[in-house]
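Nothing here was measured: the structure is a model prediction, and the numbers come from that model. Ligands are counted one by one from 1 in listed order, and the atoms in each one are counted from 1 as well. Values below: all heavy atoms of this structure, side chains included; hydrogens, waters and symmetry mates excluded.
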Amino acid sequence: MNTQNNTTTLKALIFDVDGTLSNTERDGHRVAFNQAFDEYGIGWHWSVEIYGELLAVTGGKERMKFYVEKFLGENEAPDDIMAKIPELHRAKTRHYTELLSTGAIPLRPGVERLIEEARQRGLRLAIATTTTPENVTALLTHTLGADSIAWFDVIAAGDIVPAKKPAPDIYEYALKAMNLTADDCIAFEDSENGIKSTIAASLQTIITINDYTRDHDFTGACIVLDQMGEPGKPFHVISGDAEGASLLDCDLVTKLHKKAIAG
Ligand code: XBP
Ligand code: MG
């Protein structure tokens with residue numbers, strides 16, 4: 001909350017990617033991890049359920065380390081597995097981007113509509129995600145088209161910062177790259193690690209949940225919705241006040257931002 005300047009106008013929208021722009025985790029990243037494990041003959045398989053638990057840790061390389069350390073017994077991991085993780089992760093990224101190139105993973109409802117409207121209104125756009133940069137480029141290219149990459153002032157992704165979400169670093173990096181303050185912006189997230197990161201970066205946050213995150217703690221969000229909504233496919237409000245709206249458009253985003261900044 002900014003107590004000194006309650007007339008701050010919204011200048012930019014900052015989007016998380018996985019789970020927010022698209023439901024990439026269950027049918028995208030998880031599948032690609034399993035393909036990489038098969039390719040390397042490792043014999044691991046991450047079920048939908050196990051993957052939900054592994055999502056406690058952001059970052060694919062970090063997630064694999066977490067699996068070895070917390071899910072496998074003493075002698076269950078192949079020798080030198082920790083040293084092989086970067087290579088395994090490169091294979092996973094290759095499988096994931098190939099999967100995206102088939103068009104198998106669409107954007108979530110309302111995402112394209114909101115981005116188009118924001119561009120028409122002259123709002124700036126950015127991305128702040130823990131996933132690998134190539135994955136963001138592939139998702140944007142195969143959903144909004146290759147030109148859409150240039151719509152974003154900054155695509156802050158992956159190892160560009162050493163500490164991934166829930167640390168605030170990736171959002172702070174994006175703010176610095178845009179030369180904006182937290183109060184100039186609003187963030188879009190889907191997970192508890194995501195909102196911990198935005199709150200630590202002093203950003204206001206709109207949440208759209210998904211099957212993996214519906215039970216997360218979103219204390220501090222401007223609003224929690226099941227999805228952004230499309231004409232004829234209204235969102236459902238999980239918590240907060242949508243002021244009678246049935247889809248998330250720039251008017252509602254601006255109102256939510258203004259109210260949150262005013263405190
Ligand atoms: C997304 C992640 C990512 C992806 C996998 O979290 O944690 O690690 O699951 O991508 P968020 P990589 O939506 O909070 O940014 O394998 O490329 O890391
Ligand atoms: Mg996410």
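Given atom 11 (P) of ligand 1, the protein heavy atom at minimum distance is D16 OD1, 3.3 Å. Of the protein's heavy atoms, T130 OG1, 3.1 Å lies nearest to atom 1 (C) of ligand 1. Protein heavy atom closest to atom 18 (O) of ligand 1, with residue, atom name and distance, is G60 N, 2.6 Å.
Shown here for T20 and R108, the closest heavy-atom pair between the two residues is O-CD, 3.3 Å.
Residue G59 has at least one nitrogen or oxygen atom sitting less than 3.5 Å from a nitrogen or oxygen atom of ligand 1, judged on distance alone. At a 3.5 angstrom cut-off on N or O pairs, E189 does not count as close to ligand 1. For ligand 1, the polar-atom distance check finds no N/O of F33 at less than 3.5 Å from any of the ligand's N/O atoms. For the pair D18 and ligand 1, the shortest N or O to N or O distance falls below 3.5 Å.
Heavy-atom separations between G194 and ligand 1 are all 4.0 Å or longer. Under a 4.0 angstrom heavy-atom cut-off, V17 registers as lying outside contact with ligand 1. Not a single heavy atom of T93 sits less than 4.0 Å from an atom of ligand 1. Using a 4.0 Å cutoff on heavy atoms, N193 does not count as a contact of ligand 1.
Residues I160 and I149 do not share a hydrophobic cluster, clusters being chains of Ile/Leu/Val/Met/Phe/Trp/Tyr side chains in contact below 4.5 Å.
When the Mg ion (ligand 2) is compared with the N/O/S atoms of D190, atom OD1 turns out nearest. Residue-level check: among N/O/S atoms of D16, OD2 sits closest to the Mg ion (ligand 2). For the Mg ion (ligand 2), the nearest N, O or S atom contributed by D18 is named O.
Comparing R30, H89, H29, R63 by heavy-atom distance to atom 9 (O) of ligand 1, the nearest is R63. Distances from atom 16 (O) of ligand 1 to the heavy atoms of E25, K61, M64, K92 put K92 nearest.
In the displayed structure, Y173 atom OH is contacted under 6.0 Å by at most 12 heavy atoms of other residues, nucleotides or ligands. Around atom CZ of R94, more than 12 heavy atoms belonging to other residues, nucleotides or ligands sit under 6.0 Å away.
Between R113 and E230 a salt bridge is recorded (basic side-chain N to carboxylate O distance below 4.0 Å).
Under 3.5 Å, the side chains of T24 and D18 contain a donor-acceptor pair of N or O atoms. Using a 3.5 Å distance cut-off with no hydrogens or angles, the side chains of Y51 and E25 do pair a donor with an acceptor.
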Evaluate side-chain hydrogen bond (donor to acceptor under 3.5 Å, both in side chains) for Y212 paired with E53, printing each intermediate quantity in order.
CA-CA 9 Å; Y212 276 134; E53 293 177 45; over 6 Å; no

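Taking the six-membered ring wherever Trp is involved, the centroid distance between the rings of Y96 and H29 falls below 6.0 Å. The aromatic ring centroids of W46 and Y67 lie less than 6.0 Å from each other.
The N135 neighbourhood of ligand 1 comprises atoms 17 (O), with distances under 4.0 Å to a heavy atom of that residue. Listed by atom number, the atoms of ligand 1 under 4.0 Å from Y51 heavy atoms are 9 (O).
The CG atom of D251 lies 4.5 Å from the CZ atom of R121; values are rounded to the nearest 0.5 Å.
Proximity of a side-chain donor or acceptor of D184 to a complementary backbone N or O of T181 within less than 3.5 Å is detected.
Of all the heavy atoms of T129, the ones lying under 4.0 Å from any atom of ligand 1 are found in both the backbone and the side chain. Counting heavy atoms under 4.0 Å from ligand 1, residue F15 does not touch it at all.
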